[in-house]
Amino acid sequence: MNILHLDCSPRGQDSESRRLSHRIVEHLRRQAPAALLVRRAIGDGGLAHIDANYALGQHSATAEVAPRGAVATSDALIEELEKADVVVIGTPMHNLSLPSVLKAWIDHVVRARRTFRMTPEGKVGMLRDRPVFIAIASGGRFSGERARQPDFLTPYLRAILGSIGLTELHFFSVQGTGLGEAAVAEARSAADLALAAHFAN
Ligand SMILES: Cc1cc2nc3c(=O)[nH]c(=O)nc-3n(C[C@H](O)[C@H](O)[C@H](O)COP(=O)(O)O)c2cc1C
């Protein structure tokens, strides 16, 4: 089994989403000890945004685009994604949605005629479906009765990953990292319990 672990927080070892996504990787490795882990940390902003050459390829079905710059990066990131049997994404909520580094990754992997094709009915995914675990950390709460903000992160990820064929999404979260130690402890144990229940079978 191949696991792709995408880590999107800029906060390194202090990151709560990284902690939670590591927990998920641990569960997966317990189930499949021989699993190969590929870790891609993009939280530092090292992944460049897409360029003009890439945009031309998205824009026109007939344009010849050279395999350089963002097209080459996209080729590599899509191959990495295709090889993965399971994907684990650790991500913060930033401004009610996804951090721009994760959006940059999405811009590279959601690619016309490569990971989706356009039909009169809309986009049709071209990737084999596989489990995608998404570990979210947020300063406030975005779901449940105590939520005080809208959530544009989980519906967006469902829509965009679904458009390339990834529909088996499993969300876990530690919400309220900015609400004090007690809130963080409560959110961590709730997340750990949810994970244990998920991986119990
Ligand atoms: C630029 C930025 C925007 C943020 N926007 C939100 C937000 O809209 N809602 C929220 O609950 N927390 C927000 N936060 C707080 C983070 O979600 C929180 O610190 C979380 O723990 C970050 O995940 P990490 O620990 O994995 O880095 C924001 C943080 C930053 C740096």
Side-chain angles (χ1 to χ4, degrees), residues 3-30 35 37-50 73 77 80-81 84 86-110 130-163 166 168-199:
I3 305 170
L4 171 61
H5 181 195
L6 194 66
D7 189 2
C8 305
S9 169
R11 301 200 314 123
Q13 299 288 348
D14 295 331
S15 159
E16 195 65 38
S17 59
R18 176 176 164 155
R19 181 192 158 279
L20 185 58
S21 57
H22 267 278
R23 278 269 210 280
I24 294 170
V25 170
E26 278 168 14
H27 276 286
L28 291 167
R29 291 182 110 178
R30 214 165 290 143
L37 177 66
V38 174
R39 211 176 106 74
R40 184 168 279 279
I42 59 172
D44 64 357
L47 176 61
H49 287 288
I50 53 101
T73 306
L77 292 176
E80 194 170 72
L81 180 56
V86 184
V87 181
V88 180
I89 301 175
T91 181
M93 171 180 269
H94 278 176
N95 295 314
L96 312 180
S97 184
L98 74 172
S100 56
V101 291
L102 178 52
K103 179 60 165 50
W105 181 82
I106 286 171
D107 287 343
H108 281 90
V109 300
V110 179
R130 71 208 77 197
V132 181
F133 291 86
I134 298 164
I136 299 171
S138 59
R141 298 189 182 99
F142 62 83
S143 67
E145 284 178 2
R146 293 180 292 171
R148 296 290 178 273
Q149 60 187 334
D151 165 22
F152 296 102
L153 174 55
T154 61
Y156 173 74
L157 289 178
R158 272 195 198 288
I160 199 67
L161 295 175
S163 77
L166 303 179
E168 193 191 329
L169 307 191
H170 304 281
F171 288 97
F172 296 90
S173 61
V174 171
Q175 302 182 28
T177 61
L179 302 178
E181 274 178 30
V184 175
E186 179 197 319
R188 279 183 179 174
S189 19
D192 286 344
L193 277 177
L195 279 181
H198 181 92
F199 286 100

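We count residues from 1, following the sequence as given. Counting starts at 1 for both ligands and their atoms, in listed order.
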Open item on the list: Does any part of the side chain of T154, heavy atoms only, come nearer than 4.5 Å to the side chain of L169, both counted from C-beta?
Closed with: no
Open item on the list: Please give me the minimum heavy-atom distance between A104 and A48, naming the atom from each residue.
Closed with: CB-O, 4.4 Å
TODO: Using a strict cut-off of under 4.0 Å between a residue heavy atom and any atom of ligand 1, list the qualifying protein residues by chain and number.
DONE: S9, R11, S15, E16, S17, P92, M93, H94, N95, L96, A137, S138, G139, G140, Q149, T177
TODO: Answer with yes or no whether the side chains of H94 and S100 bring together a donor and an acceptor at under 3.5 Å.
DONE: no
Task: Main-chain N/O of L81 paired to R130 side chain as donor or acceptor, under 3.5 Å - done: yes
Task: Side-chain ion pair, R188 and E16, N-O less than 4.0 Å - done: yes
TODO: Any pair with a residue in residues 130-149 that passes ring-ring contact (aromatic ring centres under 6.0 Å, His included), sequence neighbours left out, goes on the list, sorted by first then second residue, please.
DONE: F133-H170, F133-H198, F133-F199
